[in-house]
Amino acid sequence: MKIYIPLDSAAVALGADALAAAVAAEARRLDREVEIIRNGSRGMVWLEPLVEVVTPQGRIGFGPMTPADVPGLFADLAVHPKALGPVEELPWMKGQTRLTFARVGIIDPLSLADYEAEGGLSGLRKAVAMDPAAIVAEVTASGLRGRGGAGFPTGIKWKTVSEAVADRKYIVCNADEGDSATFADRMLMEGDPFTLIEGMIIAGLATGATKGFVYIRSEYPVAIRVMEEACRLARAAGLLGGSVLGSGPAFDIEIRVGAGAYVCGEETSLLNSLEGKRGVVRAKPPLPALEGFLGRPTVVNNVISLASVPVIFEKGAAFYKDFGLGRSRGTIPLQIAGNVRFGGLYEVAFGLTLGDIVDGIAGGCATGRPVKAVQVGGPLGAYHPRSEFDTPFGYEEFAGKDGLIGHAGLTVFDDSADMLKQARFAMEFCAIESCGKCTPCRIGAVRGVETVDRIAKGDAAAIPLLTDLCVTMKSGSLCALGGFTPYPVMSALTHFPDDFARSKEAAE
Amino acid sequence: MKDFIIPDRDFGTPAAKSKQMVTLSIDGFDVTVPEGTSIMRAAAEAGIQVPKLCATDSVDAFGSCRLCLVEIEGRNGTPASCTTPVAPGLKVHTQTGKLKQLRRGVMELYISDHPLDCLTCSANGDCELQDMAGAVGLRDVRYEAVDTHFRARNTSGEANPLYIPRDDSNPYFSYDPQKCIVCSRCVRACEEVQGTFALTIEGRGFDSRVSFGAKPTMRWRRTASPAGLAFRPARRRPCRKSRSSRSARPRTP
Ligand SMILES: Cc1cc2nc3c(=O)[nH]c(=O)nc-3n(C[C@H](O)[C@H](O)[C@H](O)COP(=O)(O)O)c2cc1C
Ligand code: SF4
Ligand code: FES
């Protein structure tokens, strides 16, 4: 008997480790032969821990499981109270287009044999036979844009590094994933680490970089462990090391662990941190692509950007580009969180409307109350009211609504949310996480909290001051932490003015 | 001594060394400067002073105060002129309505965390912060600041944890944390000019403040300063001292 139980942190937080122990104990008690495979998560967090039993009918899911449900796994499966049927047939799975996450939840994350059997390494085999300019051209043709937030075309970034002349170049994978409601990077690293490694190797081939770093936040111990083990296995298999696949140039990867500052996800701050310095933002220019890690040309890419590269080479740039909308090509792993009935990861082509996602896929609020607002793109993203639910999910489309898609995290709020409090939270977050280098953010965020507090006390004169402060922060800040904090603040103020119209008496 | 009375003209960022010359337009004037020159320095060479607080031409540009923002035709946003290099054919504007609003916004934030004691301040009349407040036309501060670094007691009468009293125990420098604007000039001068790495910024966000970098090299000062704080950067023009001893640049009266 073969049983899959996720090692994914979300599943573990919901009891997957205890469950795995219970399954092993029950098997011993019944003297049954059971192979337990710790896989990645399928992304249906409300069903975690989701256990899958391999049967002649395919992989049958059971969830959310508790240790009390374990004995039933060794009896008639058809009558198990947590039986969900074949996992692939669940509507959440069937609706998706899994390109980047094709193997996550399916394979044993640390089995290279599983990885290859599911299409892994075929992209790299093609890339290793191509010259750097052709690799860059393929990535450019795919239309892939950075999934870390800024949406910068990945091919153009690689081209800059590829054409730069230097004694050494670097690939840095940004796995700091600090945005609220985001977990795609973690799920991918925990569930299919070789995809990221393969993407980084292809980036190395494209640019002439021979060393890569994965900068993982310290709050991700499972991802750190899986990535370290995967690098070791890749080295032993000749994927990493002196010659990629035995025919390519050298490439190796080192895992580095961040110390918990949100701003260290900002690429220049990350590079400072990687160099062992204070995590403060560097002014640009110079671009990291020309003077990055230790002053050398450096590709800084998000986990998902890099992990989307193998499938582009496996299936071709044209295949990937065929998905999507406008200038947002390919697929995007939506991360649905907050007050929703169905939360988790849903990979789909760009172009679904916000309403399709929130009312459809997420099933509305878990509390059963109406959705009031959705914050898209993490703590620096705008709050969108129902009136914007027709906005298609794409970079330009959200920018057109004074928002951003960021790393594609969505946090849903019901009608009990107080948007003034959310505006205050945005300023407070900025004040806590500010690196302190530039004035609009260092002092502005603190004044922002104080100004929202005045509004809460019924001081309507403070509203234009808050608006002016947002202008100063938006256009004056050195980086997007101070520069984008006005998005949540101004969207809350613009779309929900009633929450800011506090009367003096009510406040007292 | 003369330097302290008639300081050198400050071009904002160090001179570029390139032989390649670049011509651009700043506020309608054509300016030709070596490649790699900052827009701020190019403007200064043309006699156009862009407001600034963190830049000074004896250390590399840093881009932290955000007063020197400019607009460039065909480019998005408002880049800082101290960290943005010139490029052929750029059309730069240093005075627009938008820039005026932003600079005033930044100054309003600075002053919201600064004591309003100019008349009794020893730097009165020789203070870049005061000059810039005037240059950007800041008249009043609308914030009702609760958190500050300059009030010994907060609004409810409790001791302000952010308050650090002025330290005069060093004969050459004095450090007044109430007046420090965290421009990092002193930290950068220690690094880039003196090569001593004596100072750093400690804490982050609003808590950022100047402090010792390499404690062991400063340890001897502990005896001289039981309070622990010893080496103190000057509040104003911390780089003048190092520069006056090494530069032979012609002075403008
Ligand atoms: C405050 C701040 C935090 C950021 N955090 C992250 C992060 O956690 N992960 C990430 O990939 N990008 C983050 N970014 C964006 C990076 O600066 C950078 O744009 C990105 O890593 C580039 O990779 P991409 O082109 O693949 O998106 C952050 C940016 C800012 C301003
Ligand atoms: S905006 Fe904030 S985080 Fe970014 S450089 Fe300025 S102070 Fe640092
Ligand atoms: S002078 Fe350019 S940012 Fe301070």
Side-chain angles (χ1 to χ4, degrees), chain A residues 259-264 268-269 277-286 399 428-451 453-454 457 459 461-483, chain B residues 36 38 53-55 60-69 71 76-85 87 98-99 101-114 141-149 155 162 181-184 187 200-209 213:
Chain A
Y262 176 71
V263 75
C264 284
T268 61
S269 187
K277 298 182 182 146
R278 267 171 68 80
V280 286
V281 175
R282 300 177 184 169
K284 290 188 266 194
E428 197 186 1
F429 180 85
C430 183
I432 292 169
E433 297 296 344
S434 165
C435 83
K437 178 164 174 175
C438 78
T439 318
C441 171
R442 177 172 58 91
I443 305 179
V446 172
R447 296 292 170 257
V449 173
E450 294 167 358
T451 306
D453 284 345
R454 276 168 67 182
K457 287 196 189 114
D459 181 354
I463 293 179
L465 179 57
L466 183 65
T467 306
D468 283 1
L469 172 61
C470 283
V471 171
T472 304
M473 288 177 73
K474 186 172 179 193
S475 301
S477 295
L478 174 59
C479 87
L481 179 48
Chain B
S38 70
L53 278 170
C54 68
D60 288 339
F62 192 56
S64 73
C65 75
R66 314 310 286 171
L67 270 187
C68 70
L69 306 179
E71 287 190 81
N76 289 335
T78 47
S81 61
C82 64
T83 56
T84 307
K98 170 156 201 194
L99 295 171
Q101 184 191 8
L102 290 176
R103 288 177 189 147
R104 205 184 294 142
V106 170
M107 266 330 279
E108 190 175 4
L109 288 171
Y110 267 125
I111 303 303
S112 76
D113 190 30
H114 200 83
V141 174
R142 295 166 294 165
Y143 297 106
E144 292 172 7
V146 179
D147 281 342
T148 72
H149 292 94
T155 33
L162 292 170
I181 62 165
V182 207
C183 64
S184 289
V187 176
T200 187
I201 301 288
E202 192 176 72
R204 69 172 192 230
F206 198 63
D207 295 337
S208 306
R209 44 177 89 236

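Labels below follow one simple rule: chain letters A, B, ... track the order of the sequence lines, proteins then strands, and each chain is numbered from 1. Atom set for the values below is all heavy atoms of this structure, side chains included, hydrogens, waters and symmetry mates excluded.
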Can you tell which part of [X] gets under 4.5 Å to a heavy atom of chain B, answering side chain, backbone, both or neither?
X: A/S475; result: both
X: A/A462; result: neither
X: A/V446; result: side chain

Does [Y] offer a backbone N or O that forms a donor-acceptor pair with the side chain of [X] under 3.5 Å?
X: B/E71; Y: B/L99; value: no
X: B/H149; Y: B/F206; value: yes
X: B/T83; Y: A/A283; value: no

Checklist entry - Is it the backbone or the side chain of B/L67 that comes under 4.5 Å from a heavy atom of chain A, or both, or neither? => result neither
Item to check | Contact origin within B/L102 toward chain A - heavy atom pairs under 4.5 Å | outcome: both
Roughly how far, to the nearest 0.5 Å, is [atom2] of [Y] from [atom1] of [X]?
X: A/I432; Y: B/R204; atom1: CD1; atom2: CZ; result: 9.0 Å
X: A/E428; Y: A/E433; atom1: CD; atom2: CD; result: 11.0 Å
X: B/R142; Y: A/R447; atom1: CZ; atom2: CZ; result: 13.5 Å
X: B/R66; Y: B/C54; atom1: CZ; atom2: SG; result: 8.0 Å
X: B/Y143; Y: B/E108; atom1: OH; atom2: CD; result: 5.0 Å
X: A/S269; Y: A/K277; atom1: OG; atom2: NZ; result: 12.0 Å

Next on the checklist: Counting only non-hydrogen atoms closer than 4.5 Å, can you tell me which residues of residues 434-443 of chain A sit against chain B?
Outcome noted: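 Hits under 4.5 Å: A/S434, A/C435, A/G436, A/K437, A/C438, A/T439, A/P440, A/R442, A/I443.
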Item to check | Note: B/E144-A/R454 ion pair, threshold 4.0 Å (strictly below) | outcome: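 Between A/R454 and B/E144 there is a salt bridge, with a charged N closer than 4.0 Å to a carboxylate O.
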Top contributor to chain A contacts, counting heavy-atom pairs under 4.5 Å, from [options]:
options: B/D113, B/D207, B/L69; result: B/D113
options: B/G77, B/A61, B/C65; result: B/C65
options: B/P79, B/S184, B/A145; result: B/A145
options: B/P85, B/S208, B/G105, B/S64; result: B/S64

Checklist entry - Among A/S477, A/A431, A/G483, A/C430, who wins on heavy-atom pairs under 4.5 Å with chain B? => result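 Heavy-atom pairs under 4.5 Å are most numerous for A/S477.
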Checklist outcome for this item: Among A/T472, A/V281, A/L465, the residue with the most heavy-atom pairs under 4.5 Å to chain B is A/L465
Item to check | Verdict with supporting geometry, B/L162 and B/T148, side chain to side chain contact (heavy atoms under 4.5 Å, CB included) | outcome: CA-CA 7 Å; B/L162 292 170; B/T148 72; over 6 Å; no
